[in-house]
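Right, one structure below, let's go through it.
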Amino acid sequence: MISSPVKPLFVFVLTFSLLLVVIILSPSPHFLQIPPVPSSSSLGGSVIWSVKRTMEWRPCKWWLQGHLTPLPAKTNGYIRVDCYGGLNQMRRDLCDGVGIARLLNATLVLPKFEVAAYWNESSGFADVFDVDYFIQKLSGFIQVVKELPKDIASKEPFGVDCSKRKGQFDYIESVLPSLLEHQYISFTPAMSQRRDRYPQYAKATLCQACYSALRLTSSLEKKATELFDAIPKPFLSLHLRFEPDMVAYSQCEYTSLSPSSIAAIEAARVDRKPWTGEVAQIWRKRGKCPLTPNETVLMLQSLNIPTNTNIYLAAGDGLMEMEGFTSVYTNVYTKSALLNKEDFTRMHGNTKAALDYHVSINSDAYVATYFGNMDKIVAAMRTYKRMHNTLFLSRKAFAELTSQGLEGAELKNALREVHKNDFAIGRGFALPDCFCEFEL
């Protein structure tokens, strides 16, 4: 029998065609390839989630290649990052501190989480996050040690105060001399920074620490999983901020609250008196005033979020004026109701915040009424996981539209248009420090 050359030619053509299709359809190499998460279209078929997105954020290529920049042969010394406040504020400081340590060619000592009576807190870094995982994921980005060398282990670190500094703060000029002199320093990152001026290897280290290296301890993750499993699916995680201290800090005044809420706010004000007159109106129009639960209801309804949606309330203790919210959205679930009473009573602030964080980055949708530390990290982590049903309710738009006299259906329609545009372009989904825009 005589063999025909047609079959080999056909196989070659078919193979080449398939290869060409793969190349054409493959995403840009500038972005991380993460398997897509199934969409949550079953979450009430809400109009807002069905809006076509025009922009997407993905981890930048320079971040993913950050470990390719060789670490210096000799360290400039050891740095401990001291973190204060609630868990999400401390996490923000930690992320910044790790990037700064790499900027200064330092070796990172495990961070210190300061005990804070205000936050009902006593847990340290190792009580919340998996230390070995943290060290492993930062390998190649920065050296991390659990213990100091014997010659400096008995010393307390030299404290460098930069937490209150503002403006163009230069760590190389201001902190490096102390590091070189003392060999072991501690600091809390400055409140105002210009990360865009960091070399890419330092920014990559920050990004890796913030979004890849922090995993809850096994015991805490087990508890978080139990909580997540107890929530009926699908569900929306709502971060609602309307506690007395939050309202007092905003210096906003509300006229239609209950006497008990007004009393609680006044007790928390201390010397932060509310703005009045024209200043109060300007302040509110700038989006500085927290949304009340009743205003949140109106906003959710304007987005066609069904009133039978399962909602997990990711919030701290002391929320006010919730009766109006739960009378409309009746399927509301909280940590205190879902967890064992004894377990919940023993929990500190960091533990509760970690549970809210875990549930929120894994929920079918996430909606925030504020743009605080938790909201920024949750939104970015959801973007990292390719979970795009995320939205920040616009306090500024609400104040502006209501000041124009809009109400009822007209107000809801205007709010819907504002948020449809925000969702389409991914406003607030991720900060440009670590993520790059990708046009869809």
Side-chain angles (χ1 to χ4, degrees), residues 60-85 88-114 125 134-135 138-145 148-149 151-214 373 376-377 380 431-436:
C60 300
K61 183 178 179 180
W62 51 256
W63 160 13
L64 307 175
Q65 295 180 343
H67 64 289
L68 299 179
T69 301
L71 293 173
K74 186 176 183 298
T75 181
N76 284 331
Y78 295 83
I79 285 180
R80 187 187 75 196
V81 184
D82 292 347
C83 307
Y84 296 85
N88 297 298
Q89 181 178 332
M90 290 195 289
R91 182 170 181 155
R92 181 202 66 192
D93 288 345
L94 171 60
C95 296
D96 288 333
V98 174
I100 294 162
R102 179 66 181 94
L103 174 70
L104 301 179
N105 285 335
T107 298
L108 185 70
V109 180
L110 288 179
K112 181 181 180 182
F113 280 13
E114 290 289 348
F125 178 79
F134 180 72
I135 295 173
L138 284 175
S139 177
F141 287 86
I142 190 172
Q143 186 180 3
V144 186
V145 296
L148 290 162
D151 58 328
I152 59 173
S154 60
K155 301 178 183 178
E156 279 296 309
F158 178 80
V160 180
D161 183 14
C162 52
S163 61
K164 302 297 183 183
R165 307 213 187 166
K166 298 182 179 180
Q168 305 305 315
F169 184 67
D170 192 311
Y171 286 95
I172 293 178
E173 287 183 5
S174 304
V175 179
L176 183 57
S178 296
L179 177 64
L180 293 172
E181 178 184 353
H182 299 280
Q183 286 296 290
Y184 179 30
I185 68 170
S186 66
F187 74 96
T188 300
M191 297 172 67
S192 177
Q193 300 184 65
R194 288 293 302 271
R195 295 172 180 166
D196 57 318
R197 296 188 176 189
Y198 289 9
Q200 284 192 341
Y201 63 80
K203 287 199 292 183
T205 304
L206 180 154
C207 299
Q208 183 72 1
C210 214
Y211 303 112
S212 290
L214 293 175
N373 292 316
K376 292 171 186 175
I377 191 67
L431 301 177
D433 296 323
C434 302
F435 295 83
C436 294

Search all heavy atoms of Gly66 against all heavy atoms of Ala204 and return the closest pair with its distance.
CA-CB, 3.6 Å

Nearest heavy-atom approach of Ala202 to Arg102 is CA-CG, 4.0 Å

Taking NZ, NE, NH1 and NH2 as the nitrogens, is one of them in Arg91 or Asp93 under 4.0 Å from a carboxylate oxygen of the other?
no

Rounded at 0.5 Å granularity, tell me how far NZ in Lys112 sits from OG in Ser186.
7.5 Å

Got Cys210 and Ile377 here, is their nearest side-chain heavy-atom distance under 4.5 Å?
yes

Of all heavy-atom pairs linking Phe141 and Thr205, the shortest is O-OG1, 3.5 Å

Output for pair (Ile100 CD1, Thr188 OG1), nearest 0.5 Å, gives 10.0 Å

Given the side-chain rings of Tyr78 and Phe158, with only the six-membered ring counted for Trp, is the space between their centroids under 6.0 Å?
no

Taken to the nearest 0.5 Å, the spacing of His182 NE2 from Ile152 CD1 works out to 12.5 Å

With heavy-atom distances below 4.5 Å as the criterion, would you say the side chains of Asn105 and Thr75 are in contact?
no

Between Leu206 and Cys95, which heavy-atom pair has the shortest distance, and what is it?
CG-O, 3.4 Å

I'd like to check Asp82 versus Pro111 (side-chain heavy atoms, cut-off strictly below 4.5 Å). Are they in contact?
no

Quick one: closest heavy-atom pair of Ser178 and Ile185, and the distance?
O-CG2, 3.8 Å

Kindly indicate whether a cation-pi arrangement holds for Lys203 with Trp63, taking the cut-offs as under 6.0 Å to the six-membered ring centre and within 45° of the axis.
no

Do Tyr184 and Val109 come close enough that some side-chain heavy atom pair is under 4.5 Å?
yes

With a 6.0 Å cut-off on the ring centroids, do Tyr84 and Phe113 count as close?
no

From Gln200 atom CD to Thr69 atom OG1, the distance as rounded to the nearest 0.5 Å:
8.5 Å

For the residue pair Gln183 and Asp151, establish whether any side-chain heavy-atom pair is separated by less than 4.5 Å.
no

Is there a side-chain contact between Cys207 and Phe435 (heavy atoms, below 4.5 Å)?
no

Look up atom CD1 in Ile172 and atom CG in Leu103, then write down how far apart they are to the nearest 0.5 Å.
4.5 Å

Distance in Å, Leu138 CG paired with Leu214 CG, rounded so as to fall on 0.5 Å steps:
8.0 Å

Kindly confirm or rule out an SG-SG distance below 2.5 Å between Cys434 and Cys60.
no

Decide yes or no for Tyr198 and Asp433: does some side-chain heavy atom of the first lie under 4.5 Å from some side-chain heavy atom of the second?
no

Hey, does Leu108 have a side-chain heavy atom less than 4.5 Å from the side chain of Phe134?
yes

Residue pair Phe187 / Cys162: nearest heavy atoms and the distance that separates them:
CD1-SG, 3.7 Å

